[in-house]
Amino acid sequence: VFIMDDCEQLIPEWLSFLKGIVDSEDLPPNISRQHLQHDRVLKTIRKSLVKNAIQMFEELSENKDDYKIFYEQFAKNLKLGIHDHENAPNRKKIADLLRYHSSTSGDDMVSLQDYVTRMKEGQKVIYYIAGESKTALEQSPFVEQCKQRGFEVLYMCDPMDEYAM
């Protein structure tokens, strides 16, 4: 039974680019739209959709070229997912999906996990700099000093990047 074609309670705003059909045997066929807004089954479906979406993104991230194309188009959505207060249990998983340019990566982008594995012994903090463009950030005296000391610096060119940290 078709209940509605646009259910904002089913998928969080940061996943608004996903399209599909949700088929569930758990919803009674004679349910009203008002009752549906406060239904526990709907919350369970939402949680499951978010979990499956993140799982799909993680699988996609295993193929570097495909993930690069995905990330170029939907990075802002992933960053919004970190800021979503209802999404607290998934923040670490989403953080693992974020990518940044760095002082040593050239044109490639690196994950936070990659950065941490390359940190110098004894380094306890993540060095990053925020600005308008990668080119401007590369010319920063801060970056030059970090490079001289052997530290990698993440470049955060999107205004939302700072909040993700």
Side-chain angles (χ1 to χ4, degrees), residues 4-24 37 39-120 123-140 142-143 146 151-165:
M4 64 179 59
D5 61 350
D6 188 21
C7 186
E8 295 161 2
Q9 293 83 16
L10 261 184
I11 196 116
E13 187 177 339
W14 68 275
L15 287 174
S16 61
F17 62 94
L18 296 178
K19 303 290 181 213
I21 296 172
V22 176
D23 184 18
S24 175
Q37 290 176 352
D39 193 44
R40 209 178 314 164
V41 173
L42 195 63
K43 290 177 185 171
T44 303
I45 292 172
R46 177 186 174 113
K47 196 175 184 180
S48 178
L49 288 173
V50 170
K51 178 184 162 201
N52 288 338
I54 291 172
Q55 220 171 20
M56 184 174 59
F57 302 152
E58 288 170 341
E59 289 172 12
L60 185 62
S61 72
E62 292 171 7
N63 183 328
K64 194 174 182 179
D65 294 332
D66 289 344
Y67 192 71
K68 182 179 179 182
I69 294 167
F70 168 80
Y71 193 78
E72 286 172 356
Q73 296 195 359
F74 301 111
K76 287 194 187 316
N77 294 78
L78 293 176
K79 293 170 189 174
L80 280 172
I82 286 188
H83 300 294
D84 187 354
H85 66 279
E86 293 178 7
N87 200 30
N90 296 314
R91 283 193 179 131
K92 179 168 179 0
K93 289 181 181 179
I94 297 171
D96 291 342
L97 295 170
L98 298 179
R99 301 289 186 266
Y100 302 98
H101 289 286
S102 80
S103 57
T104 60
S105 69
D107 289 335
D108 291 335
M109 297 180 91
V110 298
S111 68
L112 291 173
Q113 189 175 14
D114 292 340
Y115 177 91
V116 170
T117 58
R118 291 195 304 253
M119 285 172 50
K120 284 179 65 172
Q123 181 181 344
K124 296 181 180 169
V125 295
I126 293 175
Y127 291 100
Y128 68 93
I129 185 168
E132 292 186 21
S133 72
K134 178 183 170 196
T135 308
L137 295 175
E138 289 172 329
Q139 306 303 319
S140 167
F142 168 75
V143 173
C146 287
F151 296 121
E152 182 178 7
V153 180
L154 294 177
Y155 299 145
M156 301 201 168
C157 305
D158 187 341
M160 293 179 70
D161 285 339
E162 288 181 88
Y163 296 111
M165 290 306 272

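Atoms considered below: every heavy atom in the structure, side chains included; atoms not considered: hydrogens, waters and symmetry mates. None of these values were measured; they are calculated from a predicted model.
- Taking a cutoff of 4.0 Å between a charged side-chain nitrogen and a carboxylate oxygen, Asp108 and Arg99 do not qualify as a salt bridge.
- Looking at heavy atoms from C-beta onward, Val116 lies in side-chain contact with Met119 at the 4.5 angstrom threshold.
- One finds the OG atom of Ser105 at 8.0 Å from the OH atom of Tyr155 (value rounded to the nearest 0.5 Å).
- Between the side chain of Ser61 and the main chain of Glu58, a donor-acceptor pair closer than 3.5 Å is present.
- By the neighbour-count criterion of 12 heavy atoms within 6.0 Å, atom CD of Gln113 is sparsely surrounded, having that number or fewer from other residues, nucleotides or ligands.
- With hydrogens and angles left out, the side-chain atoms of Asp114 and Ser111 include a donor and acceptor closer than 3.5 Å.
- Distance check, rounded to the nearest 0.5 Å: CD1 of Ile54 to CG of Asn87 gives 5.5 Å.
- Expressed to the nearest 0.5 Å, how far CD of Glu132 lies from CG of Leu137 amounts to 9.0 Å.
- Using a 4.5 Å cut-off on side-chain heavy atoms (C-beta onward), Ile82 and Trp14 make no contact.
- In this structure, Leu80 CG and Glu13 CD are separated by 7.0 Å, a value rounded to the nearest 0.5 Å.
- The two residues Cys157 and Ser133 make their nearest non-hydrogen contact at SG-C, 3.7 Å.
- Rounding to the nearest 0.5 angstrom, the gap separating the NZ atom in Lys79 from the CE atom in Met160 is 7.0 Å.
- Nearest heavy atom pair, residue Leu78 against residue Ile94, reads O-CG2, 3.2 Å.
- Phe74 and Phe17 have parallel rings, their planes meeting at less than 30° on a 0 to 90° scale where 60° marks the start of perpendicular.
- Proximity of Leu18 to Met56: side-chain heavy atoms (C-beta onward) are separated by under 4.5 Å at one or more points.
- In this structure, Arg91 contributes its side chain and Asp84 its backbone to a donor-acceptor pair below 3.5 Å.
- Outside the 6.0 Å centre-distance limit, the rings of Tyr128 and Tyr100 are not counted as a close aromatic pair.
- From Asp161, atom CG reaches atom CG of Leu154 across 9.5 Å, with rounding to the nearest 0.5 Å.
- Counting heavy atoms from C-beta on, the side chains of Pro89 and Lys47 never come closer than 4.5 Å.
- Without hydrogens or angle criteria, Asp66 side chain to Leu60 main chain gives no donor-acceptor distance under 3.5 Å.
- Smallest separation of non-hydrogen atoms from Phe57 and Leu97: CB-CD1, 3.7 Å.
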Hey, mind stepping through Lys120 and Glu152 against salt bridge (charged side-chain N to carboxylate O under 4.0 Å, His left out) and telling me if it holds?
CA-CA 9 Å; Lys120 284 179 65 172; Glu152 182 178 7; over 6 Å; no

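- Looking at heavy atoms from C-beta onward, Leu112 lies out of side-chain contact with Asp96 at the 4.5 angstrom threshold.
- Few gaps surround NZ on Lys134; more than 12 heavy atoms of other groups in view lie less than 6.0 Å from it.
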Test Val143 against Tyr127 for side-chain contact (heavy atoms from CB on, under 4.5 Å), laying out the working first.
CA-CA 9 Å; Val143 173; Tyr127 291 100; over 6 Å; no

Evaluate side-chain contact (heavy atoms from CB on, under 4.5 Å) for Arg46 paired with Glu86, printing each intermediate quantity in order.
CA-CA 11 Å; Arg46 177 186 174 113; Glu86 293 178 7; 3.1 Å; yes

